[in-house]
Undergrad: 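Below is one structure. I have some questions about it.
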Amino acid sequence: RDEHTPPARLRVGWIGAGQHKGDLDLVAEVVKATADEFDWVFMGMCTDAIKPLIKEFHGFVAIGDYPKKMSSLQLDIAIAPLETNHFNECKSNLRLLEYGAMGWPVVCSDVFPYQTMDAPVVRCSDSVEEWVDALRSLARDEARRLAHSLKGAAGSLGVTALQKSAAALEMAIREQGSIDQIEPLIAQTSEIYDSIQSELDRLLFSEEPETSSLNNSAELIPLLRELYDLLEACEMSVQALVRKQQPILAGLLGEQLIAF
């Protein structure tokens with residue numbers, strides 16, 4: 001993701017080795033049906049039918065780098081399709097455990113290894129419609145949660161425009177509004193978000209902090225912390241960016257940088 005742009009679409013993905021063509025064939029039509037709704041991300045393998053439809057493909061890595069690479073994909077939803085046959089029924093639920101370690105919601109096939117241990121996943125038959133409905137349902141839940149969090153954070157900061165936009169988006173998602181209703185609200189919220197982040201970048205990372213008009217660090221510290229938390233909730237790279245620019249922050253905030 002671009003570190004200065006909040007994602008417009010959820011990232012949905014699959015991770016696996018090269019012997020899963022049959023499993024991926026189960027969801028080829030699912031990817032096709034939702035390619036305009038989600039950014040599809042595949043790691044390790046991707047079939048010829050699916051590859052033209054996806055946003056990103058990542059090759060496999062050494063086992064020691066595997067967890068870090070998985071995390072870097074920043075998926076919002078993960079899928080685990082599995083053909084129904086005797087071989088697969090003898091497998092473990094390792095894929096669900098890996099996805100669970102990442103904290104990703106999962107849509108998976110309703111086959112034996114994924115029916116064990118009462119895992120909190122959404123299980124589907126081989127029906128394309130069932131998979132698409134499950135993904136869209138999870139997407140609505142995730143989008144509604146993010147809109148609600150953004151509304152609350154904006155309200156706490158007194159950023160009225162962002163609060164109202166996020167509230168309207170949350171309401172539209174909750175009432176299952178049409179794409180035509182929701183997309184303009186997403187665009188509006190993203191535009192306001194961008195303006196806030198640009199202003200924060202200007203204040204925090206100016207090359208000439210001594211010219212800043214923000215001289216009252218006692219008042220500035222809480223505002224910066226709240227803005228930082230708000231942006232970090234949408235883009236984890238903000239934390240690294242703030243740390244990288246500590247010298248400039250120190251010039252602006254002095255000894256109180258530690259409090260931030």
Undergrad: Would you say the side chain of W40 lies within less than 4.5 Å of the side chain of F57, judging by non-hydrogen atoms?
TA: no
Undergrad: Tell me whether F112 at atom CZ has more than 12 heavy atoms from other residues, nucleotides or ligands lying less than 6.0 Å away.
TA: no
Undergrad: Verify side chain to side chain contact (heavy atoms under 4.5 Å, CB included) between R11 and W104, making sure each step is shown before the conclusion.
TA: CA-CA 11 Å; R11 293 167 63 86; W104 297 332; over 6 Å; no
Undergrad: Looking at R95 and I15, would you say the former's side chain and the latter's main chain have a donor-acceptor pair under 3.5 Å?
TA: yes
Undergrad: Is a side-chain donor or acceptor of T189 paired with a backbone partner of L185 at a separation under 3.5 angstrom?
TA: yes
Undergrad: Could you tell me whether the side chain of E89 reaches within less than 4.5 Å of the side chain of T84, counting heavy atoms only?
TA: yes
Undergrad: CG of D36: more than 12 outside heavy atoms within 6.0 angstrom?
TA: no
Undergrad: Is a donor on one side and an acceptor on the other found under 3.5 Å between the side chain of S137 and the backbone of D133?
TA: no
Undergrad: Report yes or no: does T116 contribute a side-chain atom to a donor-acceptor pair with the main-chain N or O of P113 at less than 3.5 Å?
TA: yes
Undergrad: Donor-acceptor pair, S190 side chain versus A187 backbone, under 3.5 Å?
TA: no
Undergrad: I want to check something: taking the side chain as every heavy atom from C-beta on, are I182 and L169 in contact at a cut-off of under 4.5 Å?
TA: yes
Undergrad: Verify salt bridge (Lys or Arg N to Asp or Glu O under 4.0 Å) between D141 and R144, making sure each step is shown before the conclusion.
TA: CA-CA 5 Å; D141 289 345; R144 184 170 63 245; 2.9 Å; yes
Undergrad: Just so I know, are the side chains of I50 and L24 near enough to count as touching, which here means a heavy-atom distance under 4.5 Å?
TA: yes
Undergrad: Spell out, as yes or no, whether a donor-acceptor pair under 3.5 Å connects the side chain of S195 to the backbone of I192.
TA: yes
Undergrad: Are L75 and M102 side-chain neighbours, meaning at least one heavy-atom pair lies under 4.5 Å?
TA: no
Undergrad: Give a yes or no answer on whether the side chain of D39 reaches the backbone of K55 with a donor-acceptor pair at less than 3.5 Å.
TA: no
Undergrad: Is there side-chain contact between W131 and L26, with heavy atoms separated by less than 4.5 Å?
TA: no
